[in-house]
There are 2 protein chains.
Amino acid sequence: MGITKSDLFSKKQNEIAAMAKAIGHPARIAILQYLAKTNTCICGDLVEELGLAQATISQHLKELKTAGLIQGSIEGASVCYCIHPGNWKKFREQFAGFFSDVNIQGGCC
Amino acid sequence: MGITKSDLFSKKQNEIAAMAKAIGHPARIAILQYLAKTNTCICGDLVEELGLAQATISQHLKELKTAGLIQGSIEGASVCYCIHPGNWKKFREQFAGFFSDVNIQGGCC
DNA sequence: GTTTTATATCGTAATATTGCGATAAATAAT
DNA sequence: ATTATTTATCGCAATATTACGATATAAAAC
């Protein structure tokens, strides 16, 4: 149906999946890498940088903001977007945790 | 349109996004955690474990297999699925790399 | 005050994902 | 041989995502 049965899974499982989904698009990866590089950014740069329409970039920025990965503050007529340091760390730890919780012993097959 | 403009992004950006997408669903997180715990697994267990229909589980397993995160070998009438150790490591490293490539200095706003 | 600049939001189209019943295919059990 | 058991695949419906033009909004520049 296209609707995820979130209630079947634990809070943590839904959380990890949501985090993964947030970075599950190359445009959002590119945005994050660009924000990381410049450390101060306005959306206009991204439109040139990525080659997507302004509306599309804005939409991706919104998703990253909702996920908590970036934050934006109004700077005159522009908006200054940057990475949210605290949540970035949370993401890193969440993924690191997920991938190391699993101790793989050779596999079964 | 629902179609991602992959050609606008680097190979690596597309790769990271695809990896994230693969684990961007709680059912797939749950499957991976379960596989990691049991280390030997058949799909039947997952149907009971997760509460999703067999067809749905099979579909998620296929996606995980396509992403390279799991592997399956035919074991009589069943299929033994398990984590693909090498690729698991690759995923871990890819995410760790992505999150630490970014050195956050306080943020800009 | 009008015009430009920067960003967000709305509406819409195209495509993707999620989920499941039904059915197929292949082995195991009887 | 026939009947379970196990998994994959097909077909479909519901919903989500991606993308963009058009438009709104708000500050800056003139």
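In the text below, chain A, chain B and the rest are named by the order of the sequence lines, each starting its count at 1. All of these numbers come straight from a predicted model, not from anything done at the bench.
Among the protein residues, Ala53(B) comes within range of the sugar-phosphate backbone only, with heavy atoms under 4.0 Å from sugar or phosphate atoms but none that close to a base. Backbone-only engagement by Ser78(A) is indicated by non-hydrogen atom pairs under 4.0 Å involving sugar-phosphate atoms exclusively. Among the protein residues, Ile57(A) comes within range of no part of the nucleic acid, since none of its heavy atoms lies under 4.0 Å from any strand.
Residue Tyr81(B) places none of its side-chain N or O atoms closer than 4.0 Å to OP1 or OP2 of dT6(D). Under 4.0 angstrom from either OP1 or OP2 of dC20(D) there lies at least one side-chain N or O belonging to Thr56(A).
The side chain of Ala55(A) approaches dT9(C) more closely than any other nucleotide in the set dT18(D), dT9(C), dA8(D). Listed nucleotides: dT7(D), dT9(D), dA19(D). Nearest to the side chain of Val79(B): dT7(D).
With Leu69(A) as the partner, the side chain to side chain contact (heavy atoms under 4.5 Å, CB included) test is satisfied by one option alone out of Leu32(A), Ile83(A), Leu35(A), Asn87(A): Leu32(A).
Rounded to whole Å, atom C1' of dT17(D) lies 8 Å from atom NE2 of His25(A). What separates CD of Glu75(B) from C1' of dA26(C) is a distance of 15 Å, to the nearest Å. Summarising the geometry, the separation between NE2 on His60(A) and C1' on dT9(C) is reported as 15 Å, rounded to the nearest angstrom. The distance from atom CG of Asp7(B) to atom P of dT18(D) is 16 Å, rounded to the nearest whole Å. When rounded to the nearest whole Å, the span between NZ of Lys62(A) and P of dA16(D) equals 15 Å. Atoms CD1 (Ile31(A)) and P (dT18(D)) sit 11 Å apart, rounded to a whole Å. In this entry the distance linking CG of Leu64(A) with P of dT7(C) reads 15 Å, nearest Å. Rounded to whole Å, the distance from CD on Gln54(A) to C1' on dT5(C) is 11 Å.
Ring pair His60(A)/His25(A) is tilted by interplanar angle, where 30° to 60° counts as tilted. The aromatic rings of Phe99(B) and Phe91(A) are tilted relative to each other, their planes meeting at an angle between 30° and 60°.
Each of Gly76(A) and Leu52(A) was assigned the nucleotide of DNA chain D with the nearest heavy atom; the assignment lying further toward the 5' end belongs to Leu52(A). Annotation: of the two residues near DNA chain C, Ala77(A) and Lys21(B), the 5′-most nearest-nucleotide partner is Ala77(A). Nearer to the 5' terminus of DNA chain D, by closest-nucleotide assignment, is the contact made by Glu63(A) (compared with the other of Glu63(A) and Ile74(A)).
Between Phe98(B) and Trp88(A), a ring centre-to-centre spacing shorter than 6.0 Å is recorded.
Put simply, the side chain of Gln59(A) and the base of dC20(D) share a donor and an acceptor less than 3.5 Å apart.
Of the inter-residue distances, the one linking Ile23(B) atom CD1 with Met19(A) atom CE reads 11.0 Å to the nearest 0.5 angstrom.
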